[in-house]
Amino acid sequence: MERATLREAANGKIFSTANLIFGIGQISKMTGVSTRQLRYWESKGYIEPKKRADEQAQRVYGYDTFLRVSGIKSMQDEGYTLAAAVERTAALMAEADGIRNFLLDAYHGIAEVDNQDMLDLGFLDAEHTQRLYARSKDHHVEYLVRPAGEEATGK
DNA sequence: GTTCTTACA
DNA sequence: TGTAAGGA
């Protein structure tokens with residue numbers, strides 16, 4: 001069997017959140033948002049229960065909704081109005097999604113360069129003659145460029 | 001026991 | 001927004 005890639009993991013083939021579903025009471029306890037509020041937020045279109053094949057009345061929520069509710073609640077506690085908290089949460093989640101996708105595109109594995117573990121960021125140039133490596137140290141990023149074809153020790 | 005909608009404080 | 005009612 002081939003080794004699983006980070007992207008496969010991120011796509012949910014390995015660490016799947018698809019089967020994480022919660023009832024309204026669970027979401028309420030996890031986030032500190034009352035069931036009354038959750039139903040109210042739904043009426044305003046801020047959150048939406050999962051569609052269920054079986055036409056049942058009881059709401060079920062996915063993991064993404066848990067994150068959304070959690071974010072809205074946090075920002076509300078910081079003083080944002082509900083509408084503003086909803087907007088900011090949506091923006092942050094979209095930004096996080098963009099970052100995640102970018103990193104998955106850029107990341108080519110771990111490689112040992114000069115006896116140090118570096119992120120392999122793939123070819124630097126269109127001609128594929130140089131390869132870019134990077135690592136993070138003390139909250140800033142260090143880059144290395146090496147001739148391509150020497151990335152033998154990828155882990 | 002929990003969740004549903006509706007309605008009222 | 002919390003709570004009560006009355007049913008699922």
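Just so it is clear: chains get the letters A, B, ... in the order the sequence lines come, proteins before strands, and each one is counted from 1.
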Ordered by number, residues from residues 24-38 of chain A within less than 4.0 Å of DNA chain B (heavy atoms) are Ile24(A), Gly25(A)
_Among residues 67-85 of chain A, which ones have heavy-atom contacts with DNA chain B below 4.0 Å?_
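Heavy-atom contacts with DNA chain B come from no residue of residues 67-85 of chain A; none.
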request  = Scan for salt bridge (charged side-chain N to carboxylate O under 4.0 Å, His left out) pairs involving residues 77-98 of chain A, sequence neighbours excluded, and state none if there are none.
outcome  =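 For residues 77-98 of chain A: Lys73(A)-Asp77(A).
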Sequence-distant partners of Asp105(A), salt bridge (charged side-chain N to carboxylate O under 4.0 Å, His left out), two or more places apart:
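Counting only residues at least two positions away or on another chain, Asp105(A) forms a salt bridge (charged side-chain N to carboxylate O under 4.0 Å, His left out) with Arg7(A).
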Across all chains, not counting sequence neighbours, the salt bridge (charged side-chain N to carboxylate O under 4.0 Å, His left out) partners of Arg135(A) are Glu142(A)
With no hydrogens and no angle check, is any side-chain donor or acceptor of [X] less than 3.5 Å from a backbone partner on [Y]?
| X | Y | result |
| --- | --- | --- |
| Ser43(A) | Tyr40(A) | yes |
| Asp114(A) | Gln116(A) | no |
| Asp120(A) | Ile110(A) | no |
| Thr65(A) | Tyr61(A) | no |

Side chain to side chain contact (heavy atoms under 4.5 Å, CB included) filter on Ala84(A), not counting sequence neighbours, yields Tyr80(A), Thr81(A)
Applying ring pair (Phe, Tyr, Trp, His ring centres under 6.0 Å) to Phe66(A) and not counting sequence neighbours gives Tyr63(A)
task: Evaluate side-chain contact (heavy atoms from CB on, under 4.5 Å) for Leu119(A) paired with His108(A), printing each intermediate quantity in order.
output: CA-CA 7 Å; Leu119(A) 297 191; His108(A) 290 251; over 6 Å; no
| field | Closest non-hydrogen atom pair between Asn19(A) and Ser16(A), with its separation | value |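 Closest heavy-atom pair between Asn19(A) and Ser16(A): N-OG, 4.3 Å.
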Self-check item: Atom NE2 of His140(A) with >12 non-hydrogen neighbours under 6.0 angstrom
Solution: yes
In DNA chain C, stems of three or more consecutive pairs, Watson-Crick or G-U, each with both distances under 3.5 Å, turn out to be B:4-8 with C:2-6
Bounded by its outermost nucleotides with an atom under 4.0 Å from a heavy atom of chain A, the footprint on DNA chain B reads dT3(B) to dT5(B)
With sequence neighbours excluded, residues passing side chain to side chain donor-acceptor pair (under 3.5 Å) with Glu42(A)
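Applying side chain to side chain donor-acceptor pair (under 3.5 Å) to Glu42(A) gives Arg59(A).
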Listing time: all N or O pairs from protein to nucleotides 6-8 of chain C that are below 3.5 Å?
none

Just list the side-chain donor-acceptor pairs under 3.5 Å for residues 24-33 of chain A, sequence neighbours left out, or say none.
residue, atom, partner, partner atom, Å
Gln26(A), OE1, Gly23(A), N, 2.9
Ser28(A), OG, Val33(A), O, 2.7
Thr31(A), OG1, Ile27(A), O, 2.7
Thr31(A), OG1, Val33(A), N, 3.3

(request) Report yes or no: do Val60(A) and Trp41(A) belong to one cluster of Ile/Leu/Val/Met/Phe/Trp/Tyr joined by side chain heavy-atom distances under 4.5 Å? (result)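 Different clusters: Val60(A) never reaches Trp41(A) through Ile, Leu, Val, Met, Phe, Trp or Tyr contacts under 4.5 Å.
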